[in-house]
There are 2 protein chains.
Amino acid sequence: MSQKSLGEIKDIISDHGLKVTHQRLMIYQALKEEKKHPTAEIIFEKIRKKNPSISLGTIYKTLEIFVEKGLISRVNTSEGNMRYDGLIDNHDHIYCTNTKEIIDFRDEELNTLISNFFNKKKISNFDLKDVRLHITGEKIDPSKDVKIN
Amino acid sequence: MSQKSLGEIKDIISDHGLKVTHQRLMIYQALKEEKKHPTAEIIFEKIRKKNPSISLGTIYKTLEIFVEKGLISRVNTSEGNMRYDGLIDNHDHIYCTNTKEIIDFRDEELNTLISNFFNKKKISNFDLKDVRLHITGEKIDPSKDVKIN
DNA sequence: GTGGCTGCAAAGTCTTTGCACGAGT
DNA sequence: ACTCGTGCAAAGACTTTGCAGCCAC
């Protein structure tokens, strides 16, 4: 379902008023594939294997443009670097303090709970756009995945 | 209630196994006073007015130690810098995208809602420590405060 | 007195910027 | 063709580090 064809990706990019270049296709794809909310550096290393001529500056510029145009989003962290998220649907993040992983968490019941709450709880002088949960903790066995029951 | 005397602050610092120094007292106080979750730079400028000899390096080192020892906490951001929070009770943050302010949000009903949810929703191979909300949006009138009704 | 703390400056990391060349429409 | 995007390298912002001297305990 979330796997997109090359043609679809081209459309997404050009629909946002951007030229479709090889670099942009690769950056977009790399981010979609990478589930762990990578840094610019990680995307750079990943793409470089197939395409050694790409530059880190381009990765930064492109990610910034994608964020600006709303194709992707930034992830909040308390580490000193930026991480990106290729999925822009309404979901939450689980932060693992030992492995530094950021894992997606999706739950419809929770989303409903939260939006019901903020429908009655009004905040004045504020135009609310989005509410996300930051779930913090640590993996018990770092070699295995976290699983949501 | 949250206003602490000098003696109380000294106790907090030494109870965490740290030497009580003038710089630490000032850094701790500055952070408690500052409601907007300041950067190291902002704390530096604030303290410098009264005490011009303090160094930025000390601010960074001290904040880092305070975080490590649990006296204060870091705030997650998607900007390129670190911000700190002097209040470590369970509360959420409102992020204003135009003024870059981070405003505290406290609601007992919401805390209960969330903790009830995570009591039944189990995440395996994960030791959950903390759940916080990131409320994003923007001030309608940037010159006035956001008010929670 | 001793070990931890501070100030200073230098180094390090991450990110942005400027510019000439190259590619997409 | 014209404009926008890319690569490179330099600059910038933020943070960490090393070390000599200083201070709390």
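Just so it is clear: chains get the letters A, B, ... in the order the sequence lines come, proteins before strands, and each one is counted from 1. Just so you know, these numbers use all the heavy atoms, side chains as well, and skip hydrogens, waters and symmetry mates.
First and last contacting nucleotides of DNA chain C toward chain B (any atom under 4.0 angstrom from a heavy atom, 5' to 3' order): C/dG3 to C/dC8.
Residues satisfying the side-chain hydrogen bond (donor to acceptor under 3.5 Å, both in side chains) test with B/Asn119, not counting sequence neighbours, are none. Not counting sequence neighbours, the partners of B/Asp130 by the side-chain hydrogen bond (donor to acceptor under 3.5 Å, both in side chains) test are B/Arg132. B/Asp92 is linked by a side-chain hydrogen bond (donor to acceptor under 3.5 Å, both in side chains) to nothing, counting only residues two or more places apart in sequence or in another chain. Listed by chain and residue number, B/Lys36, B/Cys96, B/Thr99, B/Ile103, B/Lys139 satisfy the side chain to side chain contact (heavy atoms under 4.5 Å, CB included) test with B/Glu101 (two or more places apart in sequence, or in another chain).
No engagement by B/Thr39 is indicated, since no non-hydrogen atom pair under 4.0 Å with the nucleic acid exists.
Under the 4.5 angstrom side-chain criterion for Ile, Leu, Val, Met, Phe, Trp and Tyr, B/Ile140 has no cluster partners at all. Within the hydrophobic cluster formed by Ile, Leu, Val, Met, Phe, Trp and Tyr side chains joined at under 4.5 Å, directly or through other members, A/Ile102 is accompanied by A/Val75, A/Tyr95.
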In the 5'-to-3' direction, what one-character label does each nucleotide of nucleotides 18-25 of chain D receive under the scheme B = base within less than 4.0 Å of a protein heavy atom, S = sugar-phosphate only, - = no such atom? BB----BS
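A distance-only check finds a donor-acceptor pair linking the side chain of B/Thr77 to the backbone of B/Asn81 [under 3.5 Å]. Within the 3.5 Å criterion, the main-chain N or O of A/Pro142 finds no donor-acceptor partner in the side chain of A/Asn98. Not a single donor-acceptor pair under 3.5 Å links the side chain of A/Thr62 to the backbone N or O of A/Ile59.
For residues 114-124 of chain B, the set of pairs meeting the salt bridge (charged side-chain N to carboxylate O under 4.0 Å, His left out) definition, not counting sequence neighbours, comprises A/Asp107-B/Lys121, A/Glu109-B/Lys120. Within the structure, salt bridge (charged side-chain N to carboxylate O under 4.0 Å, His left out) pairs that include any residue of residues 48-59 of chain B comprise B/Glu45-B/Arg48 (at least two apart or interchain).
Residues B/Asn76 and B/His134 bring no donor and acceptor atom of their side chains to less than 3.5 Å of each other.
Toward the 5' end of DNA chain C, the nearer of the two residues A/Tyr84 and B/Ile65, judged by each one's closest nucleotide, is B/Ile65.
Rounded to an integer number of Å, the gap from CD of B/Glu79 to P of D/dT15 is 12 Å. Summarising the geometry, the separation between CZ on A/Phe66 and C1' on D/dT6 is reported as 13 Å, rounded to the nearest angstrom. Taking atom CD of residue B/Glu64 and atom P of nucleotide D/dT15, one finds them 10 Å apart after rounding to whole Å.
Near-neighbour residues of DNA chain D inside residues 45-59 of chain A, defined by a heavy atom below 4.0 Å, number-ordered: A/Ser53, A/Ile54, A/Ser55, A/Thr58.
Axis deviation across the helix from C/dG1-D/dC25 to C/dT25-D/dA1 amounts to 40°, comparing end segments of five pairs, rounded to 10 degrees.
With respect to the salt-bridge test (charged N to carboxylate O, under 4.0 angstrom), the residues B/Glu64 and B/Arg74 qualify.
Side-chain N/O atoms of B/Tyr60 include none lying less than 4.0 angstrom from OP1 or OP2 on D/dT16.
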